[in-house]
J.: 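To start, I am sharing the structure in question, which I have written as C-alpha cells.
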Amino acid sequence: MKIVDAKVIVCCPGRNFVTLKITTEDGIYGLGDATLNGRELSVASYLTEHVIPLLIGRDSRQIEDTWQYLYKGAYWRRGPVTMSAIAAVDTALWDIKGKSLNAPLYQLLGGASREAVLVYGHASGADIKKTVAAFGHYLSLGYKAVRAQSGIPGLSSTYGVGRGQMFYEPAEKDAPPVNQWSTEHYLRFVPQLFERLRKEFGPEIHMLHDAHHRLTPIEAARAGKDLEPYRLFWLEDPTPAELQESFRLIRRHTTTPLAVGEVFNTIFDCQQLIQEQLIDYIRTTVVHAGGITHLRKIANLAELYQVRTGSHGATDLSPVCMGAALHFDLSVHNFGIQEYMQHTPETDKVFPHAYSFRDGFMYPGDAPGIGVDLDESLAAKYPYQRAYLPANRKLDGTMHNW
Ligand code: CS2
Ligand code: MG
C-alpha cells in the first residue's frame with residue numbers, strides 16, 4: 001500500500017486549520033491534523049517542503065517505522081513544529097490503516113476500555129455572575145464536568161475567558177492582543193469564584209480550572225491550598241513547566257490535583273513530572289505530541305505512575321484531532337477526561353464527522369479509521385487569515401511568564 005500523494009490543506013472556517021491528506025495507490029486516503037495555533041504556516045511548510053517528498057513511495061502500513069524515520073532521520077529533534085508535522089503523518093497513516101481494515105481506530109488500539117468518553121466543557125464570563133450563568137448553561141446541556149474561568153476585578157482582560165456563550169477562541173486576526181495579569185488580584189479572587197460555584201451547583205459536578213501558566217510555584221501552591229475546600233477535579237497549568245522539578249514545591253503544599261501538558265510535544269517534556277508523580281493528569285494530545293503513536297507511549301509511561309490522561313481539546317485543534325483523540329481516549333486504560341470545546345457550525349461543515357456528544361460523554365463512532373472527513377471544495381472557500389495568540393503583561397507592563 002504505497003503512498004502516491006500527500007498534500008496540505010489550509011483553511012479558515014472561523015479559525016485556521018492545517019490538514020494533511022495522504023493517499024495510497026489503492027485510492028484510500030487518511031487525514032491528519034497539523035494545526036499549531038498562531039504559527040500555522042510553519043507546519044504547513046515543514047510538511048510540504050521537507051516531509052511530503054519523503055513519504056511518496058513509502059508503505060503506508062509501516063506506521064512505527066515512518067514515525068521513527070521522521071523523528072530520528074531529521075537529526076533535529078522535538079519542538080512543536082516538527083512534532084505537529086510528524087503527528088499529522090502518523091494520524092493520517094492510522095486513519096488509512098483503519099479504513100483499509102474496515103475498523104474504527106479504537107479497535108486497532110486494543111478495543112474499548114469504557115463505554116464512553118467523559119468530557120469537560122468551558123464556562124466563562126466577565127464576572128462571577130456571568131460565569132455562574134454559563135456554568136448552569138453547560139449543566140443544562142448535560143455536561144458532568146465543567147471548567148470555569150472568569151474575568152478578574154481590576155484587570156481589563158484575562159486570557160482564557162471566552163467571548164461568546166459557546167465558542168471560545170483565544171487567537172485574534174492580524175495583531176496579537178495583550179492581556180493583563182496580576183497574581184495578587186487572581187489569588188484573592190479565584191477562591192471566591194469556586195466558593196460560589198459549589199454553593200450554586202453542589203458537590204457532585206466536576207469543576208476544573210486553568211491557571212494558564214501564570215503563577216510561580218509558591219503562588220501555585222497557595223492557589224491549590226486555597227481551592228482545596230472546593231474539591232476541584234484539577235487545577236491546570238499552575239506554573240510554566242519547562243522546569244519540571246518546580247512542581248515538587250507545589251506538591252509539598254496541596255492535594256488539589258494537577259493537570260499539565262498542552263504545550264508539551266514529547267515524552268521527554270513530562271518524564272520527570274510523571275515519574276515523580278508530580279502531576280495527576282497529562283494533557284498532551286494527538287496533534288502536538290507526535291500523533292497516536294507517541295501519545296500511546298506517554299500514556300503507557302503515565303499508567304505505571306497512576307497518572308491519567310486529560311487531553312487538550314480546545315477549538316484550535318481541528319475535528320480531525322478531536323476524532324483521533326476520542327479513539328485514543330476510548331481505548332487507553334488510564335484515561336481520565338477529555339477537553340471538549342465545540343467547533344463552530346462552519347467548521348463542522350468543513351469537517352463532517354462520526355463522533356458525537358450525548359449527556360456529558362462523547363463517542364468516536366464506528367466509521368472505519370478516525371471517522372472524520374474534509375470537504376475540500378468547501379474548505380477552499382475559507383482562505384487562511386493570519387492570527388496570533390495574545391501576549392500577557394503585568395500591570396507595570398512587564399511581559400509575563402508564559
Ligand atoms: C487552553 C487553550 O484549552 C485550554 O486548556 O489552555 O485555550 C489554549 O490556550 C489554546 O488551545 C492555545 O492555542
Ligand atoms: Mg489550558
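Ligands are counted one by one from 1 in listed order, and the atoms in each one are counted from 1 as well.
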J.: Considering only heavy atoms of Asp210, which atoms of ligand 1 have at least one such atom less than 4.0 Å away?
T.: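 What qualifies from ligand 1 is 1 (C), 4 (C), 5 (O), 6 (O).
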J.: What protein heavy atom sits nearest atom 11 (O) of ligand 1, and how far away is it?
T.: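 Going by distance alone, atom 11 (O) of ligand 1 is nearest to Asp316 OD1, 2.7 Å.
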J.: Taking the basic N atoms (NZ, or NE/NH1/NH2) and the acidic carboxylate oxygens, is any pair closer than 4.0 Å for Arg147 and Asp210?
T.: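 Asp210 and Arg147: salt-bridged.
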J.: How is the N/O/S atom of Glu262 that comes nearest to the Mg ion (ligand 2) named?
T.: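 Minimum-distance N/O/S atom of Glu262 relative to the Mg ion (ligand 2) is OE1.
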J.: Specify whether an N/O/S atom of Glu236 falls short of 2.8 Å from the Mg ion (ligand 2).
T.: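 Yes.
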J.: For Arg188, is there an ion pair with Asp226 - N to carboxylate O distance below 4.0 angstrom?
T.: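 No.
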J.: State the atoms of ligand 1, each with its element, that fall below the 4.0 Å cut-off from a heavy-atom position in Arg147.
T.: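 Here the atoms of ligand 1 in question are 1 (C), 3 (O), 4 (C), 5 (O).
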J.: Are the charged groups of Lys297 and Glu64 less than 4.0 angstrom apart, N to O?
T.: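 Salt bridge present between Lys297 and Glu64.
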J.: Would you name the N/O/S atom of Asp210 that lies closest to the Mg ion (ligand 2)?
T.: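 Output for this pair reads OD2.
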J.: Minimum distance, heavy atoms only, to atom 8 (C) of ligand 1: which one of Glu236, Gln149, Glu262 is it?
T.: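 Residue with the shortest heavy-atom distance to the ligand atom: Glu262.
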J.: Tyr138 vs Tyr143 aromatic rings, parallel, tilted or perpendicular, using cut-offs 30° and 60°?
T.: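 Judged by the thresholds at 30° and 60°, the geometry between Tyr138 and Tyr143 is perpendicular.
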J.: Pull out every atom of ligand 1 sitting under 4.0 Å from any heavy atom of Arg283, numbered as shown with elements.
T.: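 Taking each heavy atom of Arg283 in turn, ligand 1 has 4 (C), 5 (O) under 4.0 Å.
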J.: Looking at Lys21 and Glu376, does any basic side-chain N land under 4.0 Å from a carboxylate oxygen?
T.: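 Answer for the salt bridge query: yes.
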J.: Flag the pair Thr158 / Trp181 as yes when at least one side-chain heavy-atom distance between them is below 4.5 Å, and no otherwise.
T.: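 Yes, side chains in contact.
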J.: Are any N, O or S atoms from Asp237 nearer to the Mg ion (ligand 2) than 2.8 Å?
T.: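 False for Asp237.
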J.: Salt-bridged, Arg61 to Asp59, with N to O below 4.0 Å?
T.: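 Asp59 and Arg61: salt-bridged.
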J.: Can you tell me the protein heavy atom closest to atom 3 (O) of ligand 1 and the distance?
T.: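 Protein heavy atom with the smallest distance to atom 3 (O) of ligand 1: Glu339 OE2, 2.4 Å.
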J.: Hey, is ligand 1 close enough to Tyr159 that some N/O pair sits below 3.5 Å?
T.: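 Right, the criterion is met.
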J.: Check this for me, if you would: do Arg214 and Asp237 make a salt bridge, where the nitrogen-to-carboxylate-oxygen distance has to be below 4.0 angstrom?
T.: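 No, Arg214 and Asp237 are not salt-bridged.
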J.: Closest approach of Pro240 and Ser246, non-hydrogen atoms and distance?
T.: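 Looks like O-OG, 4.3 Å.
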J.: Which residue owns the protein heavy atom closest to atom 2 (C) of ligand 1, what's the atom, and how far is it?
T.: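 Result for atom 2 (C) of ligand 1: His312 NE2, 3.7 Å.
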J.: Show me which atoms of ligand 1 lie under 4.0 Å from any heavy atom of His212.
T.: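 This gives 1 (C), 6 (O) as the contact atoms.
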